[in-house]
Asker: 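Handing you this structure, nothing more for now.
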Amino acid sequence: MDYNSEIIRENNPMDSLEKQLICPICLEMFNKPVVILPCQHNLCRKCANDVFQAGNPYWSTRSSVSGGRFRCPTCRHEVILDRHGVYGLQRNLLVENIIDIYKQDCTSRPEKKENHPMCEKHEDEKINIYCLSCQVATCSMCKVFGVHKDCDVSPLQNVYQSQKTELNSCISMLVAGNDRIQCILSQLEESCKTIQENSQSKKESVKEMFETLFRNLEEKKTHLVQRISQAEEEKLNFVRSLIVRYQEQLQSSSNVLQNAFQAMEQPGPANFLLESKQLIKKLMEASKGCQLEKTDHGFENMDQFTLDMEHVSQCLRSIDFTPNCDEDEEDDIEEYEETEEETLEGQQ
């Protein structure tokens with residue numbers, strides 16, 4: 001008896017039960033043994049093994065403890081299998097017992113008639129053969145009298161089984177291909193995360209370097225300004241000392257001149273001569289005192305503190321990343337793109 005889920009049955013609880021006993025890979029009722037995944041979904045062990053082998057073609061050559069990865073076709077949950085592969089998964093004996101009970105119940109009930117498709121050319125004839133030449137299902141009358149009389153034909157059941165097997169293989173390949181694509185997507189997402197982390201790390205490194213550079217420049221500026229201030233203070237102290245000395249000399253000369261003017265106004269020669277010789281001596285000494293120390297020409301200039309920053313500016317403008325880093329990054333990108341192209345070609 002055929003327990004295919006496509007058989008049309010009356011709407012009863014057994015129909016609902018049958019839908020729960022359909023394998024998501026082969027789309028037929030579970031064939032024992034039935035294995036249960038950690039996500040609590042069930043599969044035919046043969047179907048699970050076919051999908052696992054398609055997704056892990058080199059599994060049999062591995063010598064490690066890990067058996068590879070398997071993704072549930074129902075919920076896409078990824079399972080890490082041991083070295084036994086899908087044969088290491090636990091059997092679901094409860095589901096197997098339910099299948100046995102269901103089959104016994106179906107056997108005890110009268111078989112329902114199928115809604116069999118009829119031939120368009122011969123309305124009273126059921127479609128019961130398959131034309132291999134035209135790749136179309138037809139009826140026996142079309143083979144005997146109709147357009148397929150010179151064609152090669154085969155029983156529907158034979159073609160049905162072969163095409164169903166082929167479709168099942170295609171499904172397995174597509175599921176395996178989807179698993180590989182999902183793996184690539186996971187790798188790409190991880191690459192995005194790594195790129196962001198590496199970029200953030202480099203940004204922080206550049207910021208730290210420039211902050212160090214700013215601190216060094218600030219320290220150098222403070223030192224140079226202090227040197228200018230020190231020279232300024234020394235020159236100002238020297239000039240101010242000269243101002244004090246010249247002011248003292250000027251005051252002394254003014255006093256001598258005042259005494260000399262008073263002597264010039266003495267009424268008689270005797271009084272004048274009593275003071276004149278002494279005044280003349282003081283005037284001579286005061287005249288010699290006018291030749292005090294002076295500042296040199298250009299003493300006020302601070303040209304010795306001129307900075308030539310052109311070469312420093314050029315160095316700052318030429319700051320850039322190491323060329324080798326960019327070349328290595330470009331090589332990594334090209335290598336990654338080539339790997340992705342080879343992977344896509346292999347899938348095709």
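Since the structure is predicted, the reported quantities are computational estimates derived from the model, not experimental observations.
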Asker: For Phe238 versus Thr295, what's the shortest heavy-atom pair and its separation?
Answerer: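 In this case the closest contact between Phe238 and Thr295 is CE2-CG2, 3.9 Å.
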Asker: Distance from Ile22 atom CD1 to Asn42 atom CG, nearest 0.5 Å?
Answerer: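 Ile22 atom CD1 to Asn42 atom CG measures 12.5 Å (nearest 0.5 Å).
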Asker: Quick one: do Ile129 and Ile127 end up in the same hydrophobic cluster if we chain Ile, Leu, Val, Met, Phe, Trp and Tyr together by side-chain heavy atoms under 4.5 Å apart?
Answerer: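 Unlinked, Ile129 and Ile127 end up in two clusters.
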Asker: Nearest 0.5 angstrom please: Lys202 NZ to Phe321 CZ, how far?
Answerer: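 It is 9.0 Å, given to the nearest 0.5 Å.
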Asker: If only atom types and distance count, is the side chain of Asn49 paired as donor or acceptor with the main-chain N or O of Arg45 below 3.5 Å?
Answerer: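 No; zero donor-acceptor contacts below 3.5 Å.
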Asker: For the backbone of Arg76 and the side chain of Arg71, can you confirm whether one donor and one acceptor N or O come within less than 3.5 Å of each other?
Answerer: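 Indeed, once roles are kept as given, a pair shorter than 3.5 Å links the two residues.
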Asker: Rounded to the nearest 0.5 Å, how far does CG of Asn198 lie from OG of Ser205?
Answerer: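 If we round to the nearest 0.5 Å, Ser205:OG and Asn198:CG are 12.0 Å apart.
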Asker: Is any side-chain heavy atom of Lys294 less than 4.5 Å from a side-chain heavy atom of Tyr246?
Answerer: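 Counting from C-beta outward, Lys294 and Tyr246 do come under 4.5 Å.
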Asker: Distance check, rounded to the nearest 0.5 Å: Asn128 atom CG versus Met118 atom CE?
Answerer: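 Rounded to the nearest 0.5 Å, the CG-CE separation comes to 9.5 Å.
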Asker: Is there side-chain contact between His77 and His41, with at least one heavy-atom pair below 4.5 Å?
Answerer: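 No, too far: nothing below the 4.5 Å cut-off.
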Asker: Under 4.5 Å between side-chain heavy atoms, hopping through other hydrophobics if needed: is there a path connecting Met302 to Leu307?
Answerer: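 Met302 does not cluster with Leu307.
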Asker: Any side-chain heavy atom of Met29 sitting closer than 4.5 Å to one from Lys103?
Answerer: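 Of all side-chain heavy-atom pairs linking Lys103 with Met29, at least one is under 4.5 Å.
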Asker: Please examine the side chains of Leu43 and Leu89, heavy atoms only from C-beta on, and report whether any two atoms are closer than 4.5 Å.
Answerer: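 Contact flag for Leu89/Leu43 side chains = no.
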Asker: Listed by chain and number, what are the side-chain contact (heavy atoms from CB on, under 4.5 Å) partners of Glu218, not counting sequence neighbours?
Answerer: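 side-chain contact (heavy atoms from CB on, under 4.5 Å) list for Glu218, sorted by chain: Lys221, Thr222.
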Asker: Can Val175 be reached from Leu167 by stepping across I, L, V, M, F, W or Y side chains whose heavy atoms are under 4.5 Å apart?
Answerer: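 Yes.
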Asker: For Gln314, what residues pass the side-chain contact (heavy atoms from CB on, under 4.5 Å) criterion, not counting sequence neighbours?
Answerer: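 Counting only residues at least two positions away or on another chain, Gln314 forms a side-chain contact (heavy atoms from CB on, under 4.5 Å) with Glu310, Arg317.
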Asker: Under 3.5 Å, side chain of Ser172 to main-chain N/O of Asn168, donor-acceptor pair present?
Answerer: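 Judged by distance alone, yes, a pair lies under 3.5 Å.
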Asker: Look at the side chain of Gln163 and the backbone N and O of Tyr160, then say whether any donor-acceptor pair between them is shorter than 3.5 Å.
Answerer: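 It does not hold such a pair.
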Asker: Within a strict 4.5 Å, meaning less than it, do heavy atoms of the Val239 and Phe299 side chains meet?
Answerer: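 Answer yes - side chains close enough.
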Asker: Quick one: are Arg215 and Glu211 in side-chain contact, heavy atoms under 4.5 Å?
Answerer: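 A side-chain contact exists here, since the closest heavy-atom pair is under 4.5 Å.
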Asker: Sequence neighbours left out, what passes side-chain contact (heavy atoms from CB on, under 4.5 Å) with Lys207? Give chain and number order.
Answerer: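 side-chain contact (heavy atoms from CB on, under 4.5 Å) list for Lys207, sorted by chain: Glu204.
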Asker: Does Ser191 use its side chain to pair, donor to acceptor, with the backbone of Gln187 at less than 3.5 Å?
Answerer: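 Present.
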Asker: Short question: side chain of Ser162, backbone of Val159 - any donor-acceptor pair under 3.5 Å?
Answerer: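 A pair under 3.5 Å: yes.
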Asker: Do Val136 and His148 make a side-chain contact, defined as non-hydrogen atoms from C-beta onward lying under 4.5 Å apart?
Answerer: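 With C-beta onward as the side chain, the pair touches.
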Asker: Going from CD1 on Ile319 to CZ on Phe210, what distance comes out if it is rounded to the nearest 0.5 angstrom?
Answerer: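 Here the interatomic distance stands at 4.5 Å.
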Asker: Taking the side chain as everything from C-beta on, heavy atoms only, tell me whether Leu188 gets closer than 4.5 Å to Cys192.
Answerer: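 The answer is no; the side chains never approach within 4.5 Å.
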